[in-house]
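Since this is a predicted model, take the numbers as computed values, not measurements.
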Amino acid sequence: MGGKQAVALFPLVLAAADPCFAEDTFQAEAGLSYSRSTGDTFRRTTAGVDGTYYFDKLPAQPKDTPYEQVQFVERVGSLSASYDWRSSDVDNVERLSNGRDYAVTVQFARPDTFLRAAAGFGSVTEGKSRAAGVEIESEAKVYQASIGAYVAKTTSLDLNWARSKSSVSSSVGAGEVTLDGLGLIGQHLARLPGGGHVAITASATQFTIKSDAVPTEKNLDLLLEAIYYPTKVLGLKLGIRVDRGDEDSLEGETYMLGVRTFITPALSLSLDYQKFNAKAARVEFDQDQIALRAALRF
């Protein structure tokens with residue numbers, strides 16, 4: 001699509017978003033996303049779609065809540081699904097087919113109870129590739145469940161469990177790796193004295209990695225993330241994740257920056273950047289990722 005056509009269509013998108021809130025509520029959100037990851041030896045491009053249905057209607061323009069945090073504050077459950085197309089290029093490796101990811105997550109929360117829960121399933125397929133005459137295909141199944149509570153009006157604490165089973169098959173053999181994670185996740189939304197809000201997320205997760213090839217390994221993952229909302233329609237994200245343990249391919253620091261803005265109560269745009277600095281001497285683990293997403297509430 002040419003630039004002039006895109007400019008002409010943009011006002012129509014905004015106009016279409018406004019009538020969605022004749023009753024000042026919404027109950028669903030749909031999004032389009034694009035991301036690109038790069039390292040010293042690889043490039044990965046991902047494009048995806050996602051959708052969320054909320055079990056209760058939510059205010060489109062809450063009086064004193066950032067638009068992005070309205071589900072958390074109102075304590076409303078949801079059903080979410082996503083599908084991504086993935087294309088990866090690795091040095092000295094021939095790509096034979098593209099990969100795909102999909103995930104489904106259900107969240108439970110009610111305004112009349114302090115309990116929270118969630119469960120999810122996902123699948124990640126890298127696609128087929130060929131290196132040194134050997135064809136390789138990998139796939140991972142991801143399972144997740146959590147249970148927790150609102151310990152204050154806008155503060156929650158959850159116990160989270162996750163399992164990932166990765167299998168790699170080739171013309172010369174196959175292998176499987178199981179990764180189990182158990183951790184605590186805390187969230188808090190606070191109103192600042194000078195105006196605006198800040199949302200804090202902190203987590204600590206212990207990962208256990210098992211495979212036939214090596215002894216059981218353990219890694220500890222720590223996350224601290226803050227989103228500053230100078231206004232209800234703008235969020236500025238800053239975060240860091242630190243991983244330490246036996247598996248050196250996971251060890252390192254991930255730095256996160258992001259911004260999300262609501263152009264109208266229905267239409268939002270976000271931009272996120274992550275940089276992973278590997279602790280291991282093998283610099284091929286280093287990675288940069290940039291992600292764009294547009295979402296529409298209705």
Side-chain angles (χ1 to χ4, degrees), residues 17-31 50-82 103-122 143-162 183-193 195-203 223-237 239 258 260-268 270 293 295-298:
D18 288 336
C20 298
F21 294 115
E23 299 179 357
D24 297 323
T25 61
F26 70 95
Q27 201 166 356
E29 180 174 298
D50 63 84
T52 300
Y53 174 78
Y54 302 98
F55 299 142
D56 293 296
K57 291 184 177 181
L58 290 165
Q61 302 180 64
K63 293 182 180 179
D64 192 29
T65 299
Y67 286 12
E68 188 177 33
Q69 296 288 328
V70 65
Q71 180 188 14
F72 177 71
V73 173
E74 298 292 329
R75 305 188 183 187
V76 169
S78 62
L79 176 65
S80 301
S82 64
V104 178
T105 303
V106 60
Q107 295 186 33
F108 169 81
R110 293 288 303 171
D112 54 359
T113 180
F114 64 90
L115 294 176
R116 291 161 45 89
F121 170 76
Y143 309 85
Q144 180 268 334
S146 68
I147 186 167
Y150 282 91
V151 296
K153 184 177 180 181
T154 57
T155 306
S156 67
L157 184 64
D158 299 302
L159 177 64
N160 186 72
W161 169 86
L184 285 173
I185 303 175
Q187 298 180 73
H188 177 64
L189 178 65
R191 185 186 304 174
L192 299 175
H197 294 75
V198 62
I200 304 293
T201 300
S203 69
L223 167 71
L224 181 61
E225 179 184 279
I227 305 177
Y228 169 56
Y229 298 97
T231 69
K232 293 187 295 182
V233 300
L234 177 63
L236 305 172
K237 181 193 301 182
R260 184 179 183 184
T261 182
F262 282 80
I263 300 173
T264 74
L267 181 64
S268 67
S270 63
R293 180 174 180 266
L296 184 66
R297 291 174 168 179
F298 51 93

S.K.: Can you give me the closest heavy-atom contact between A60 and P265, atom names plus distance?
M.R.: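 Looking at all heavy atoms of both residues, the shortest contact is O-CB, 4.0 Å.
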
S.K.: Output the distance between atom CG (L296) and atom OG1 (T264), rounded to the nearest 0.5 Å.
M.R.: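 If I round to the nearest 0.5 Å, the distance is 7.5 Å.
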
S.K.: Does atom CZ (F114) have a neighbourhood of more than 12 heavy atoms from anything else shown, all under 6.0 Å?
M.R.: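 Incorrect, the count does not exceed 12.
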
S.K.: Under 3.5 Å, is there a donor-acceptor pair between the side chain of T201 and the main chain of E225?
M.R.: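 It does not hold such a pair.
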
S.K.: Can you name the nearest heavy-atom pair linking P66 to L189, along with the distance?
M.R.: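 Smallest interatomic distance, heavy atoms only, reads CD-CD2, 4.2 Å.
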
S.K.: Any chance you could lay out the side-chain contact (heavy atoms from CB on, under 4.5 Å) test for R110 and D56, step after step, and finish with the verdict?
M.R.: CA-CA 9 Å; R110 293 288 303 171; D56 293 296; 2.8 Å; yes

S.K.: Could you tell me if the side chain of V70 sits less than 4.5 Å from the side chain of R297, heavy atoms only?
M.R.: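 Yes. Closest side-chain heavy atoms under 4.5 Å.
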
S.K.: Check whether any side-chain heavy atom of W161 sits under 4.5 Å from a side-chain heavy atom of L159, and report yes or no.
M.R.: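 Not touching, per the 4.5 Å side-chain cut-off.
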
S.K.: Give me the atom names and distance for the closest heavy-atom approach of G186 to L157.
M.R.: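 Answer, listing the atom of G186 first, then L157: CA-CD1, 4.2 Å.
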
S.K.: CD of E29 to OH of Y53: how many Å apart, nearest 0.5 Å?
M.R.: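 Spacing of CD (E29) from OH (Y53) equals 14.5 Å.
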
S.K.: Check whether any side-chain heavy atom of V104 lies under 4.5 Å from a side-chain heavy atom of F121, and answer yes or no.
M.R.: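 The answer is no; the side chains never approach within 4.5 Å.
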
S.K.: OG of S268 to CD1 of I263: how many Å apart, nearest 0.5 Å?
M.R.: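 Answer rounded to 0.5 Å: 8.0 Å.
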
S.K.: Quick one: are R116 and Q187 in side-chain contact, heavy atoms under 4.5 Å?
M.R.: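 Yes, side chains in contact.
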
S.K.: For the CZ atom of R191 and the OG1 atom of T154, what is their distance to the nearest 0.5 Å?
M.R.: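 Going from the CZ atom of R191 to the OG1 atom of T154 covers 9.5 Å.
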
S.K.: Write down the atom of F72, the atom of T155, and the distance for their closest heavy-atom approach.
M.R.: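 Shortest heavy-atom contact: CZ-N, 4.2 Å.
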
S.K.: Would you check if there is a donor-acceptor pair between the side chains of Y54 and E74 at a distance under 3.5 Å?
M.R.: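 Looking only at side-chain atoms, Y54 and E74 do not form any donor-acceptor pair under 3.5 Å.
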
S.K.: Could you measure the distance from the OH atom of Y67 to the OH atom of Y229? Nearest 0.5 Å is fine.
M.R.: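 Atom-to-atom, Y67:OH and Y229:OH are 13.5 Å apart.
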
S.K.: With a 6.0 Å cut-off on ring centres, are F298 and F26 close enough?
M.R.: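 No, the ring of F298 stays outside the 6.0 Å limit from the ring of F26, centre to centre.
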
S.K.: Testing the basics here: between T52 and S80, what is the closest heavy-atom pair and its distance to 0.1 Å?
M.R.: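 The answer is OG1-OG, 3.0 Å.
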
S.K.: Please determine whether a side-chain nitrogen of the Lys or Arg among R75 and D112 lies less than 4.0 Å from a carboxylate oxygen of the Asp or Glu.
M.R.: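 The answer is no: the pair does not qualify as a salt bridge.
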
S.K.: Mind checking whether I227 and R260 have side chains closer than 4.5 Å, heavy atoms only?
M.R.: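 Not in contact.
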
S.K.: Is the closest side-chain heavy-atom distance between I200 and L224 below 4.5 Å?
M.R.: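 They are in contact (side-chain heavy atoms under 4.5 Å apart), so the answer is yes.
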
S.K.: Looking at L234 and P230, what are the two nearest heavy atoms and their distance?
M.R.: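 Looks like O-CD, 3.5 Å.
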
